[in-house]
Amino acid sequence: MQQQYPFREIEQQAQQHWETNKTFAAAEDSSKPKYYCLSMFPYPSGRLHMGHVRNYTIGDVLTRYHRMKGFNVLQPMGWDAFGLPAENAAIQNNVPPAKWTDDNIAHMKEQLQSLGFAIDWSRELATCKPDYYKWNQWLFLRMLEKGIAYKKTQTVNWDPVDQTVLANEQVIDGRGWRTGAVVEKREIPGYYLGITQYKEQLLADLNKLPGWPERVKLMQANWIGKSTGVRFAFTHDIRDTAGNLIDDGKLWVFSTRADTIMGVTFCAVAAEHPLATRAAQNNPALAAFIEKCKQGSVMEADMATMEKEGMDTGLQVTHPLTGEPVPVWVGNYVLMSYGEGAVMAVPAHDERDFGFAKKYGLPIKSVIAPSSSVVPAEPKITIAGKEYTPWHVVEGRQWKVSEEEWSDYNTSDGFLADGSGPYWDRLKGMWSGFAREEIGNIFAELGLGGTKVQWRLRDWGISRQRYWGCPIPIIHCDTCGDVPVPDDQLPVKLPEDCVPDGSGNPLHKRADFINCTCPKCGKPARRETDTMDTFVDSSWYYARYASKFSPDAMVDAETSQWMPVDQYIGGIEHAILHLLYSRFLSKVMRDMGLVSYDEPFANLLTQGMVLNHIFSRRTDKGGIEYFAPEEVGLIHDASGKITGARMLADGQPVDFQGMGTMSKSKRNGVDPEYIIENYGADTARFFMMFASPPEQTLEWSDSGVEGSHRFLKRVWAFGQELIKLRNNMDLPLSWSRDEADDETVAFRRVVHVLLKQANFDLSKLQFNTVASATMKVLNALEAFGAHPVMYEQGQLNALLANRQRTFAREEAFRILLAVLSPISPHIAYALWRDLGYGDDILTAEWPEPLEEAMAQDEVTLVIQVNGKLRGNMTVARSLDKEALEKLAPTQPCVQKYLADGASVRKIIVVPNKLINIVVG
RNA sequence: GCCGGGAUGGCGGAAUUGGUAGACGCACGGGACUCAAAAUCCCGCGGUGGCAACAUCGUGCCGGUUCGAUUCCGGCUCCCGGCACCA
């Protein structure tokens, strides 16, 4: 009868043992090196999803692995508990966000515990609790004192029907999600954090993060966006109605492509620009257009992809280098809040300007010649004291270029080929890069601007017109203005019994919250009702875990013992915002003397998304109806290829839409609880690690889960078999090569080589091949164990060989359990205990491969002829390169190719790998 | 639109970073066991040609570097993540 795999009992027992022994409580043991392993804390949405399971399994594998490697490990868990979904749930179910959030936390904590994660729950925190968010408020006040936090206007999405601010997520195709009204941009006051004050450090310190993925560092660097360009002014004589020059007669612009300045054919200004306002005063059509520009969301993606529109103001400015008049247009793609609120437009050398010019029939003037078309010439020229080889433009239309090479439009650097004005002599024929520098010099000389470093990064607006967040600790007094809440009145507690109804912030209706007295003058005053962006909460929680949750300090001395985080794990979707804000607040806290590290996360792993099949059908009304994968049966052809799908209930076909991220709306989510119930946590964890490398997307597969389960069943059965054998045989105490037969030596080599590879893969965080290594060990064990050497009475050698076989099998199984234990800890715990290897596998030492077991005196080399595989040969490992070069051409598989009088031209030897013979 | 990433059999993926393409698993096909089914076990499994040995093509597409390219370089296509108020 087949041995059952009682995963429910196994998992319960193991979890019981860990709880009773407080196995996961982080110790203050300073004799071991520390390892702080942190996974991004979850938003308590109600139920765990597979993304969580993946994230926390990765963290747990690293936690358990490092414990066994002898580290003092901290793995905490908490809740990113403020945010919009709680308010949406409140609107839907009429439950206060606080209650909804608390219930969700309770349930999700149970789910996490059922997965057997080695979490130190004594450090659990939730950002919606006053003892946590008090320190958000405290830090905000300190930043206010230092001028890092300040107030200014911000642009928000405004729903004109609901009279409320909308999150970007609540804007769908430019309309409010509940009202369907066209969204408008509106300016309202709000608090900002001056992240731009730290831009240089945030950029430079990326170099201090060798343990971060390159792609994340690149994205952050591009987000901060340091670029050099020229800021300069077009001059004009445009006056307001009172007769004063607007902006002192200067239209300022910034460009990273100042080398194209000779090709400017118009300027575009934002709808709110003073010149646009002036022009609209006696131009109703323009006024209407400016009004229209205010429609739409503030999202950058929307701004960048929307139809570019513009209108001529009728005004003209003067080109500062050529003296020619340049028309001024209003463009809906120019933003008042970015740069100068105005841009120079060069249709010939900028894609966006080109499209705009084509649309409105504006002139296109090519001034940059492609690099391939121009020949270099003497003499050298000097720019800013440095000598350069210039590239002179010759022949033809002033430059040597064929008609094919020349086009109306090219955006690459080249040579200045056309221009005019008093400065043209200094620029003519110059390479774009030098020209940008020289044009900066010219503007500096003219007093009209000059070279300027520009950053893309903007300050961080943290005011949210929402209820379920951390209150901003400010009091508005009619006499004293905006007054910070004194420290001894912190925390400003959020009332927890509000139920939002979708129409604005419910705090506005809470007189008990709003009404207060001014800390300065004592007169009646009003409390600020805006709350903080939830990114503030999540930008420092890692430091709070690492402290002892002192009621008197944001972080305490223990923080420095654990920080920085050794390994941070979370979704790639956080690559920019969350990680950048965390880095920023770390530096702010450092400068306040609260912490001593420059960077909070030493190593970062960004895990990929979890995907599943999407099935749908068009409804009669033209909509799309989604079906859960369990409601659908797949249709295969003879080769196993999926050719279609039909719904199990009615047998009718459904559309198979391929793979997509698990989501409620697509109905393709898989409930971790269901998997744990039916297959066990170990199976869920094993599949998660096995199916895909951590950084890549993971495709869910029911049969893949069953395959993982099947493997664990085999492990369990093998363990039971081993236990049974134990009862009839004394264990050999040590390995003796003299006693072992060749098969055993070969088997042992396979196991140790697999272990070596698994250890290497663990160091690379490539857990899928570690999981597969455990499978390979079991395969080898099963193949090896099936045919033991026959023991015949009186044959001592056979008896000894059998003892070595048993030793090798036990050794291999111990290695298997140890390597499996971080991934599927419960089954490893149970078998380790039952086989008498120790009390808890977590306290065992991590296995290392033995060189002596892997040693081999022969090696099989691949033979290639002209780079193509033609055969192989097994030779003594000691053979040197010269011997191999002599031996290889004599092999039959090579001789074949030398038959037609061809000769050996070259031999390439890759030690212990291959020999390539070049024949010609 | 901009920034970043990805693409390898029917499918998920592997290939120790320029050296045997397809490890391991899934699916599928064949067989054993069974009255039968499930479970389990064994065998096969990139395409084409061939009884076979073997030959040949093959890592999204086009081109390049190299004795040798999934890996490096140039140019594309499609998919995914982010774009500052989802978290």
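Chain identifiers are assigned alphabetically (A, B, ...) following the order of the sequence lines, protein sequences preceding nucleic acid strands; residue numbering begins at 1 within each chain.
- By the side-chain contact (heavy atoms from CB on, under 4.5 Å) test, Tyr542(A) pairs with Tyr36(A), Leu38(A), Met563(A), Val565(A), Ser582(A), Ser586(A), Tyr597(A), Pro600(A), Phe601(A), sequence neighbours left out.
- Between rA15(B) and rU70(B), the two P atoms lie 16 Å apart (nearest whole Å).
- Residue His709(A) contributes atom NE2, which lies 16 Å from atom C1' of rC26(B) at whole-angstrom precision.
- Both Gln766(A) and Lys913(A) lie close to RNA chain B; mapped to their nearest nucleotides by heavy-atom distance, the more 5′-ward contact belongs to Gln766(A).
- In this structure, Ser701(A) and Leu698(A) both approach RNA chain B, and ranking their closest nucleotides by distance from the 5' end singles out Leu698(A).
- Applying the side chain to side chain donor-acceptor pair (under 3.5 Å) rule to Gln220(A) yields the partners Arg583(A); only residues at least two apart in sequence or on another chain are considered.
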Going 5' to 3' through nucleotides 63-74 of chain B and flagging B where a protein heavy-atom sits under 4.0 Å of the base, S where only the sugar-phosphate is that close, and - otherwise, we get ----BS------

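- rC72(B) and rU65(B): their C1' atoms are spaced 8 Å apart (whole Å).
- The interatomic distance linking Glu782(A) (CD) with rU40(B) (P) rounds to 12 Å, in whole Å.
- Only the P atoms considered, rC26(B) is 14 Å distant from rC43(B), to the nearest whole Å.
- Closest non-hydrogen pair, Glu699(A) versus Phe687(A), comes out as O-CZ, 3.9 Å.
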Let me have the donor-acceptor pairs involving side chains of residues 908-920 of chain A, under 3.5 Å, with sequence neighbours excluded, atom names and distances please.
| unit_1 | atom_1 | unit_2 | atom_2 | d |
| --- | --- | --- | --- | --- |
| Asn916(A) | OD1 | Asn866(A) | N | 3.4 |
| Asn916(A) | OD1 | Gly867(A) | N | 2.9 |

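- Nucleotides rG82(B) and rA87(B) place their C1' atoms 13 Å apart, quoted to the nearest Å.
- Whole-Å rounding puts the Met873(A) CE to rU20(B) P distance at 16 Å.
- Checked against salt bridge (Lys or Arg N to Asp or Glu O under 4.0 Å), Arg905(A) has no partners two or more places apart in sequence or in another chain.
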Please list, one pair per line, the donor and acceptor atoms closer than 3.5 Å that link side chains of residues 750-761 of chain A to other protein atoms, with sequence neighbours excluded.
| unit_1 | atom_1 | unit_2 | atom_2 | d |
| --- | --- | --- | --- | --- |
| His752(A) | ND1 | Leu850(A) | N | 3.1 |
| His752(A) | NE2 | Glu811(A) | OE1 | 3.3 |
| His752(A) | NE2 | Glu811(A) | OE2 | 3.3 |
| Gln757(A) | NE2 | Asp761(A) | OD1 | 3.0 |
| Asn759(A) | OD1 | Trp846(A) | NE1 | 2.7 |
| Asn759(A) | ND2 | Pro847(A) | O | 3.3 |
| Asn759(A) | ND2 | Glu848(A) | OE1 | 3.4 |
| Asp761(A) | OD2 | Thr769(A) | OG1 | 2.7 |

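- Tested against Ser297(A) for a side-chain contact (heavy atoms from CB on, under 4.5 Å), the candidates Val156(A), Asp302(A), Asp173(A) yield a single pass: Asp302(A).
- Relative to the side chain of Ser772(A), the nucleotides rG13(B), rG1(B), rA23(B) differ in distance, and rA23(B) lies closest.
- Rounded to whole Å, the C1' atom of rG47(B) lies 7 Å from the corresponding atom of rG58(B).
- The side chain to side chain donor-acceptor pair (under 3.5 Å) test applied to Glu695(A) returns Thr606(A), not counting sequence neighbours.
- For Gln757(A), no side-chain nitrogen or oxygen approaches OP1 or OP2 of rA14(B) to under 4.0 Å.
- For the pair Leu218(A) CG and rG6(B) P, the interatomic distance rounds to 12 Å; values are reported in whole Å.
- Distances were taken from every side-chain heavy atom of Ser703(A) (C-beta onward) to each of rA27(B), rG25(B), rA14(B); the shortest belongs to rA27(B).
- Rounding to whole angstrom units, CD of residue Glu695(A) and P of rG12(B) are separated by 19 Å.
- Rounded to whole Å, atom C1' of rG25(B) lies 14 Å from atom CD1 of Ile823(A).
- For the OP1/OP2 pair of rC24(B) and a distance below 4.0 Å, the side-chain nitrogens and oxygens of Asn768(A) include no atom meeting the criterion.
- Under the side chain to side chain donor-acceptor pair (under 3.5 Å) criterion, Trp79(A) pairs with Glu124(A), sequence neighbours left out.
- When base pairs are accepted only as Watson-Crick or G-U wobble with both N-N or N-O distances under 3.5 Å, RNA chain B takes part in stems of 3 or more pairs at B:1-7 with B:77-83, B:10-12 with B:24-26, B:28-32 with B:40-44, B:46-49 with B:54-57, B:60-64 with B:72-76.
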Its contact letters, B for base, S for sugar-phosphate only and - for none at protein heavy atoms under 4.0 Å, make nucleotides 75-87 of chain B read ------BSBBBSB

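- Nucleotides rG5(B) and rG10(B) have their P atoms positioned 29 Å apart, rounded to a whole Å.
- Side chains of Thr164(A) and Asp159(A): a donor-acceptor N/O pair is absent below 3.5 angstrom, by distance only.
- What separates CZ of Arg870(A) from C1' of rA55(B) is a distance of 9 Å, to the nearest Å.
- Considering only the side chain of Leu869(A), rA21(B) comes nearest among rU56(B), rA21(B), rG4(B).
- Between atom CG of residue Asn872(A) and atom CD of residue Gln864(A) there is a gap of 11.5 Å, rounded to the nearest 0.5 Å.
- When heavy atoms are screened at a 4.0 angstrom cut-off, Arg710(A) is found touching the sugar-phosphate backbone but no base atom.
- Base orientation of rG9(B): syn, since the glycosidic angle falls within 90° of 0.
- The salt bridge (Lys or Arg N to Asp or Glu O under 4.0 Å) test applied to Glu300(A) returns Arg456(A), not counting sequence neighbours.
- For the pair Lys217(A) NZ and rG4(B) P, the computed distance is 15 Å after rounding to whole Å.
- The glycosidic torsion of rU70(B) lies more than 90° away from 0, which places this base in the anti conformation.
- One C1' atom belongs to rC45(B), the other to rG31(B), and the distance between them is 15 Å to the nearest Å.
- Contact annotation for Thr305(A): base contact, defined as any heavy-atom pair under 4.0 Å involving a base atom.
- Nucleotides rC24(B) and rG13(B), compared at atom C1', are 9 Å apart to the nearest Å.
- Distances shown here put every side-chain N or O of Asn779(A) at or beyond 4.0 Å from the OP1 or OP2 atom of rA23(B).
- Under the side chain to side chain donor-acceptor pair (under 3.5 Å) criterion, Tyr198(A) pairs with Asp591(A), sequence neighbours left out.
- Minimum heavy-atom separation, Thr101(A) to Cys128(A): CG2-SG, 4.3 Å.
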